[in-house]
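Taking it in order: structure first as structure tokens, then the write-up.
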Number of protein chains: 2
Amino acid sequence: MKRKKTTPITIKDLAKELNLSPSTISRALADHPKISQATKKLVSERAEQSGFRLNAIASSFRSKKTKSIGIIVPRIDIDFHSRVISGIEDCAYKSGYHVIIFQSKDSYKMEKEIIQNLQNMMVEGMIICLAMETKNFDHLKKLIKTKLPVVFYDRTPETFDTNKITINDFESAFNATEHLIKIGCKNIVHIAGNQSTGIFRARLEGYKAALKSYHLPLRDDHIFVTHSLSYQEGLTCAEKILELNPLPDGVFCANDYTAASMVKVLNKRKINVPEQVAIVGFSDYPIAQIIEPSLTTINDRAVQMGEAAAKMLIQHIQDQDFDIIDHQVITLKTELIVRESSTRKA
Amino acid sequence: MKRKKTTPITIKDLAKELNLSPSTISRALADHPKISQATKKLVSERAEQSGFRLNAIASSFRSKKTKSIGIIVPRIDIDFHSRVISGIEDCAYKSGYHVIIFQSKDSYKMEKEIIQNLQNMMVEGMIICLAMETKNFDHLKKLIKTKLPVVFYDRTPETFDTNKITINDFESAFNATEHLIKIGCKNIVHIAGNQSTGIFRARLEGYKAALKSYHLPLRDDHIFVTHSLSYQEGLTCAEKILELNPLPDGVFCANDYTAASMVKVLNKRKINVPEQVAIVGFSDYPIAQIIEPSLTTINDRAVQMGEAAAKMLIQHIQDQDFDIIDHQVITLKTELIVRESSTRKA
DNA sequence: ACTATTAATGCAAACATTTGCCCAAAAATT
DNA sequence: AATTTTTGGGCAAATGTTTGCATTAATAGT
């Protein structure tokens, strides 16, 4: 049972059958204005019933348009990223683009390698969330110098200006912390993310700024920096926080996983959330509404971020007018979602 | 400021510079045995420092190998699928393949359209999870008849045999239910998924079989069929379940979202889980360990499923010996993870 | 009726790479 | 020294589509 490689029907075949030239077929298929409706119909009908399919590779080769965009994310199976990707794919599909996705696994080496590959594949643009390891941005600068449209999201290069979509992490953190203050917290701790990443630094700064702005004391032992904001790490942090004396009355966590661990540990210790300790998370992961008490958090607009990134990228790819734009920055509004974990009866 | 489309360096350029023929360059780059180490080194060095990049499109065009595999999932932003995709990407990358991902949004029409596109793109194989709407499998049969390697996972065609990776949903559900029985439940209800989908039918059957096997009565009003097993639907179901008289002492849910809603509602009503009602979910989503009480569930091997699918697909693509295989089915072992929601003190 | 347009199609080159086959030089074998 | 084998490369075709330019046919304008 051999693999019968039935050679596919080409434009030439179609041309021969219909007594037309390949160019006409090509144009008819592309709905070119100079082809009559009659022939267009003829061609598309014959194409349909003969099972013809346009060889996209050959097409790309000749036209230099691959209709593909590359995406690099740290990992696909993180809620935030999978939602961003979903937004990107959605938007791209509607514009006739498809997405090629790679995971850097937060490795600098992988990131460089993938960018190379993507360039070889002649993607028309790239959407990137930086690997955590990435401290050196030379490869990105070089990439951008090739004039290939690139848009960053979430974790973006810090040493130079470029296209990016972010949320205002500083402000969001400020608002989250302010919210805790307004419900009466005076002794607020922060579970922070990896400080080598800009967004987590910004969240920490937002927390600090809010305290300062309300003249609350800033204490170093109220800041707990984690490596990756995992649920596990959150548990460890929570234990340490419980040793604090006096016990804090509010916790602002840089993501929902650590906030969830905080809730979990407090529940276990019979410390009432939100009455004794109020909690605010970040990102509005699915767990946020499921957990008991449900979690006050920041909607970080993952899907919209993906859509915005795709939209921006495609504009840069297609629209000549965008050539004069050196770089473009879009900051999405976030939203404080108040739930039980910070709603006090009083 | 015009977009300076600096024409990339080609193999020909390299050939000219080094006084070699394009074929030699091509072969040197591909590490062809008939090229001397000396020239290979020469070529790769020159290529490196001149910033040469092999045009993958042209290469694919000529060689008919795109090194790409297409993935169709209902949606990317569902834990299960994002984990499967992660597994696929990982495995594919290691073998030099890249993945092109589309979301069918559970639409039959989209699914057909995407398959067409993917064929045009000349992917070397596809990994597909069927759209919920898909009842007619003609397009899939046609696809497979083209001899393009295809592997299905999770939701797979039911009317004909084909390559697939699944878990044993029936058995897993049986085990889950049996577990409830063994801890003393005698009155177990089931929150079921959409019955037009095979895996959810299988889970229901597994539930039934377990009851039968332990001579427990089977009651129609103990089966709650949902449309999409969403958290919201779960809440509605939970309310209905609470109206049952007598109150059930065990609930087996076809996924963790609905299990979570069940827990949530019972908590609210101060009905003790697991003492009064024990709960088992399915899939081991992140919430499963975070929720209070933590959730007994079935590890559905999402990542491994992705890896297995990619591995199988790539074998079929590369290995001649696989030509005589008509179809291949791999069923992964699942694992019952016992947590608090089904651990009774007694 | 004759030219000027317009509409519809064809010609042929070009795209960058791979690959079957051929060839020359060098090495090995008589 | 003559022949065979091996080694390292080159030639040129082929891949399927697109596109600038040329060409023909049809229509309109005078």
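Below, chain A is the first sequence line, B the second, and so on; all start at residue 1.
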(message) Any base atoms under 4.0 Å from B:D13, or only sugar-phosphate, or nothing? Heavy atoms, all strands.
(response) nothing

(request) Using the six-membered ring wherever Trp is involved, compare the ring planes of B:Y93 and A:F102 and label them parallel, tilted or perpendicular (cut-offs 30° and 60°). (result) perpendicular

(message) Under 5.5 Å centre to centre and under 30° between planes: does that hold for B:F61 and the six-membered base ring of D:dT15?
(response) yes

(request) Rounded to the nearest angstrom, tell me the gap between atom CG in B:L20 and atom C1' in C:dA24. (result) 15 Å

(message) Without decimals, in angstroms, what is the distance between A:I9 CD1 and D:dG16 P?
(response) 12 Å

Please enumerate all protein N or O atoms sitting under 3.5 Å from an N or O of nucleotides 11-13 of chain C, with distances to 0.1 Å.
unit_1, atom_1, unit_2, atom_2, d
C:dC11, N4, A:S23, OG, 2.8

(request) Evaluate the side-chain proximity of A:V43 to A:L18: yes if any heavy-atom separation is below 4.5 Å, no if none is. (result) yes

(request) For D:dT18, take OP1 and OP2 only and decide whether either is under 4.0 Å from a side-chain N or O of A:S26. (result) yes

(request) Scan B:I57 against the nucleic acid and name what it touches under 4.0 Å (heavy atoms): base, sugar-phosphate only, or nothing. (result) nothing

(message) More than 12 heavy atoms of other residues, nucleotides or ligands under 6.0 Å from NZ of B:K164: yes or no?
(response) yes

(request) Please work out if B:L54 contacts a base, only the sugar-phosphate, or nothing of the nucleic acid, heavy-atom cut-off 4.0 Å. (result) sugar-phosphate

(request) On the 0 to 90° scale, with breaks at 30° and 60°, tag the B:F152-B:F160 ring pair as parallel, tilted or perpendicular. (result) perpendicular

(request) Would you indicate which nucleotide in D:dT18, D:dG9, C:dT9 comes nearest to any side-chain atom of B:S36? (result) D:dG9

(message) In this structure, how many angstroms lie between the P atom of C:dA16 and the CD atom of A:Q119, rounded?
(response) 17 Å

(request) Please report the closest heavy-atom contact between B:Q119 and B:M126, naming both atoms and the distance. (result) CG-CE, 3.9 Å

(request) Describe the nucleic acid contact of B:T39 in one word from base, sugar-phosphate, nothing, applying a heavy-atom distance below 4.0 Å. (result) sugar-phosphate

(request) Round to a whole Å and report the spacing from CE of B:M122 to P of D:dT15. (result) 13 Å

(request) Starting at atom NZ of B:K34, determine the distance to atom C1' of C:dA24, rounded to an integer number of angstrom. (result) 13 Å

(request) Find which nucleotide of DNA chain D each of B:A38 and B:A58 is nearest to by heavy atoms, and output the residue with the more 5' nucleotide. (result) B:A38

(request) Say whether B:Q328 and B:H316, considering side chains only, have a donor N or O and an acceptor N or O under 3.5 Å apart. (result) yes

(request) Identify whether any heavy atom of B:K64 sits under 4.0 Å from a base atom; if not, whether one sits that close to sugar-phosphate; answer base, sugar-phosphate or nothing. (result) sugar-phosphate

(message) Measure NZ/B:K65 against C1'/C:dT19 and give the value in whole Å, please.
(response) 13 Å

(request) Take the protein atom NZ of B:K41 and the nucleotide atom P of D:dG8, then report the distance between them rounded to whole Å. (result) 16 Å

(request) State which of D:dG16, C:dT17, D:dG9 makes the closest approach to the side chain of A:N55. (result) D:dG16

(request) Quick one: label A:I25 by what it contacts on the DNA or RNA (base, sugar-phosphate, nothing), any heavy atom closer than 4.0 Å. (result) nothing

(request) Take atom NE2 of A:H32 and atom P of D:dC21, then tell me their distance rounded to the nearest Å. (result) 14 Å

(message) Are more than 12 heavy atoms, taken from residues, nucleotides or ligands other than B:Q49, located less than 6.0 Å from that residue's CD atom?
(response) yes

(message) Does A:K135 have more than 12 heavy atoms from other residues, nucleotides or ligands lying within 6.0 Å of its NZ?
(response) yes

(request) Could you check which of C:dT9, C:dT17, C:dT18 has an atom nearest any side-chain atom of A:I35? (result) C:dT9

